[in-house]
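Worksheet: one structure, shown below.
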There are 2 protein chains.
Amino acid sequence: MGRDKKFSEQDLWHHTHQLLLSVGYQGFTMSLLAQSIGVSRAAIYKQYPNKEELIIQFMVWQMEKSIENLSNVNFSQSFEQQLEDLLVRMFDMRDLHQILGFASQINDVSLVVKQKKEVLNNMHGGLYIPLQQVIKQGKEEGIIAEDRNNFILLSFIFQLIDMPNHLNMPIESFLKEIKLLILHGISK
Amino acid sequence: MGRDKKFSEQDLWHHTHQLLLSVGYQGFTMSLLAQSIGVSRAAIYKQYPNKEELIIQFMVWQMEKSIENLSNVNFSQSFEQQLEDLLVRMFDMRDLHQILGFASQINDVSLVVKQKKEVLNNMHGGLYIPLQQVIKQGKEEGIIAEDRNNFILLSFIFQLIDMPNHLNMPIESFLKEIKLLILHGISK
DNA sequence: TATTTTAGTTACACATGTGTAACTTTTGTG
DNA sequence: CACAAAAGTTACACATGTGTAACTAAAATA
């Protein structure tokens with residue numbers, strides 16, 4: 001029973017996403033969110049006790065989606081194909097990255113928030129597993145030197161995916177450039 | 001004449017810098033700044049009409065320092081030496097980078113702000129000139145392929161300098177790793 | 001020492017954000 | 001149809017931020 005909802009969880013996350021991207025964490029307010037969804041602030045407070053819990057929950061949800069996505073890389077391919085597969089998937093979740101960067105700014109206003117921040121941290125590891133797998137393949141194929149530190153290599157890949165496309169190249173060619181830089185840097 | 005100042009411009013910029021790093025642009029308030037300097041808010045308002053003009057002025061000042069710094073790379077060295085020289089200097093101005101990223105979030109509350117944002121944009125070019133010079137040298141020495149796009153290469157270098165040092169390696173070894181990644185990517 | 005000038009403080013009016021309590025609307029069900 | 005349950009709104013109290021006007025403090029100088 002009860003009356004029909006004016007906004008779905010999808011709506012909520014959609015607008016949360018957009019707002020976080022455009023105004024950042026500190027600029028994000030419940031007023032702005034309510035306004036962009038088209039309901040009153042209090043309607044959102046019925047579902048989430050405060051801004052912090054709403055945002056951390058959004059992040060956990062996004063992280064789950066991302067881990068799922070990355071874990072679907074086809075690991076039976078060659079190293080280079082795996083890398084390409086990976087890069088395309090990582091490229092799709094670029095702004096997610098940016099958003100997850102806000103996690104450290106969230107105040108521990110409640111135990112729940114503190115715990116979910118911890119959860120988020122642990123999930124970060126899950127994000128790295130597929131990458132580790134790809135690097136392992138690269139080492140097996142003799143493309144990557146055995147003695148190189150995996151963690152640095154994957155930080156490198158994560159960092160490059162966030163490289164701004166200032167020239168506004170088509171995604172495909174831009175990804176090709178990134179792949180080239182990852183594989184061989186600036187040298188011939 | 002008049003009474004002695006309680007805080008110098010240096011003090012002001014120092015605390016502005018620290019605050020921007022720790023709380024970000026949206027979290028930055030005149031109250032926090034005044035508090036960390038140890039004066040009243042109004043004392044700062046005597047010098048800057050609002051937060052926006054204060055911050056944009058700080059950015060212009062920082063940018064000037066950075067351009068000056070980068071332009072002092074010794075361009076009579078070999079490509080690899082130039083690159084190393086450059087990386088050390090860029091590493092010193094890492095957080096500057098982060099701070100300049102906030103520029104787009106500053107509201108155009110006055111003509112002055114709008115103009116200084118424009119100035120800042122133009123200065124960005126000045127930051128690239130020494131990098132272009134180094135890349136040119138690399139091409140001349142036949143290390144970088146002639147047909148590669150300079151702008152992408154320098155975006156790449158800028159991006160890598162911001163790579164987080166999650167393993168907390170000593171700066172020297174970390175810079176060595178970055179240099180290696182820039183030169184050859186992940187391949188042997 | 002009285003005056004001028006500059007630096008700094010206090011206190012106000014205003015704006016925007018938060019979280020909640022009391023109320024209203026809409027829906028399904030006995 | 002009336003009434004319980006869920007969803008939504010309005011209005012309030014409170015907190016924090018902004019910018020300014022009136023005031024006070026300290027130093028140079030005539």
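Per chain, numbering begins at 1; letters A, B, ... match sequence-line order.
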Would you mind writing out the side-chain donor-acceptor pairs for residues 45-55 of chain B within the sub-3.5 Å range, not counting sequence neighbours?
| from | atom 1 | to | atom 2 | distance (Å) |
| --- | --- | --- | --- | --- |
| B/Asn50 | OD1 | B/Glu52 | N | 3.3 |
| B/Asn50 | OD1 | B/Glu53 | N | 2.9 |
| B/Lys51 | NZ | B/Phe28 | O | 2.7 |
| B/Glu53 | OE2 | B/Ser110 | OG | 2.8 |

Using atom types as modelled, flag every donor-acceptor pair under 3.5 Å from a side chain in residues 92-101 of chain A to any protein atom, sequence neighbours excluded.
| from | atom 1 | to | atom 2 | distance (Å) |
| --- | --- | --- | --- | --- |
| A/Arg94 | NE | A/Ile161 | O | 3.1 |
| A/Arg94 | NH2 | A/Ile161 | O | 3.4 |
| A/Arg94 | NH2 | A/Met163 | O | 2.5 |
| A/Asp95 | OD1 | A/His17 | NE2 | 3.3 |
| A/His97 | ND1 | A/Asp162 | OD1 | 3.4 |

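For the segment residues 37-56 of chain A, residues with any heavy atom less than 4.0 angstrom from an atom of DNA chain C are, sorted by number, A/Arg41, A/Ala42, A/Tyr45, A/Lys46, A/Asn50, A/Lys51. Taking a 4.0 Å limit (strictly below) on heavy-atom distances, residues 2-30 of chain B reaches DNA chain C at B/Gly2, B/Arg3, B/Asp4, B/Lys5, B/Lys6, B/Phe7.
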Subject >> Worked verdict on A/Glu141 versus A/Gln137 for side chain to side chain donor-acceptor pair (under 3.5 Å) >> reply: CA-CA 6 Å; A/Glu141 290 186 18; A/Gln137 178 75 24; 2.8 Å; yes
**OP:** Please report the C-alpha distance between A/Ser8 and A/Asp11 in whole Å, then the side-chain angles of each, then the deciding distance to 0.1 Å, and finally whether the side chain to side chain donor-acceptor pair (under 3.5 Å) criterion is met.
**Re:** CA-CA 5 Å; A/Ser8 65; A/Asp11 296 333; 3.3 Å; yes
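Here B/Ser104 pairs with nothing under the side chain to side chain donor-acceptor pair (under 3.5 Å) rule; sequence neighbours left out.
Between the C1' atom of D/dT16 and the CG atom of A/Asn107 lies a distance of 14 Å, rounded to the nearest Å. Per the geometry, CD belonging to B/Gln35 stands 13 Å off P belonging to C/dT9, to the nearest Å.
Other residues, nucleotides and ligands contribute over 12 non-hydrogen atoms within 6.0 Å of the NZ atom of A/Lys139.
For the side chain to side chain contact (heavy atoms under 4.5 Å, CB included) criterion with B/Asp85, the lone passing option out of B/Leu70, B/Val73, B/Val134 is B/Val73.
The closest side-chain heavy-atom distance from A/Ile129 to A/Ile67 is not below 4.5 Å. Within the 4.5 Å cutoff, the side chain of B/Phe156 has no heavy atoms near those of the A/Ile178 side chain. Annotation: side chain of B/Phe158 is in contact with side chain of B/Leu131 (closest heavy-atom distance under 4.5 Å).
Axis angle, first five pairs versus last five pairs of the helix from C/dT1-D/dA30 to C/dG30-D/dC1: 20°, rounded to 10°.
A close approach under 4.0 Å does occur between a side-chain nitrogen or oxygen of A/Ser31 and OP1 or OP2 of C/dT18.
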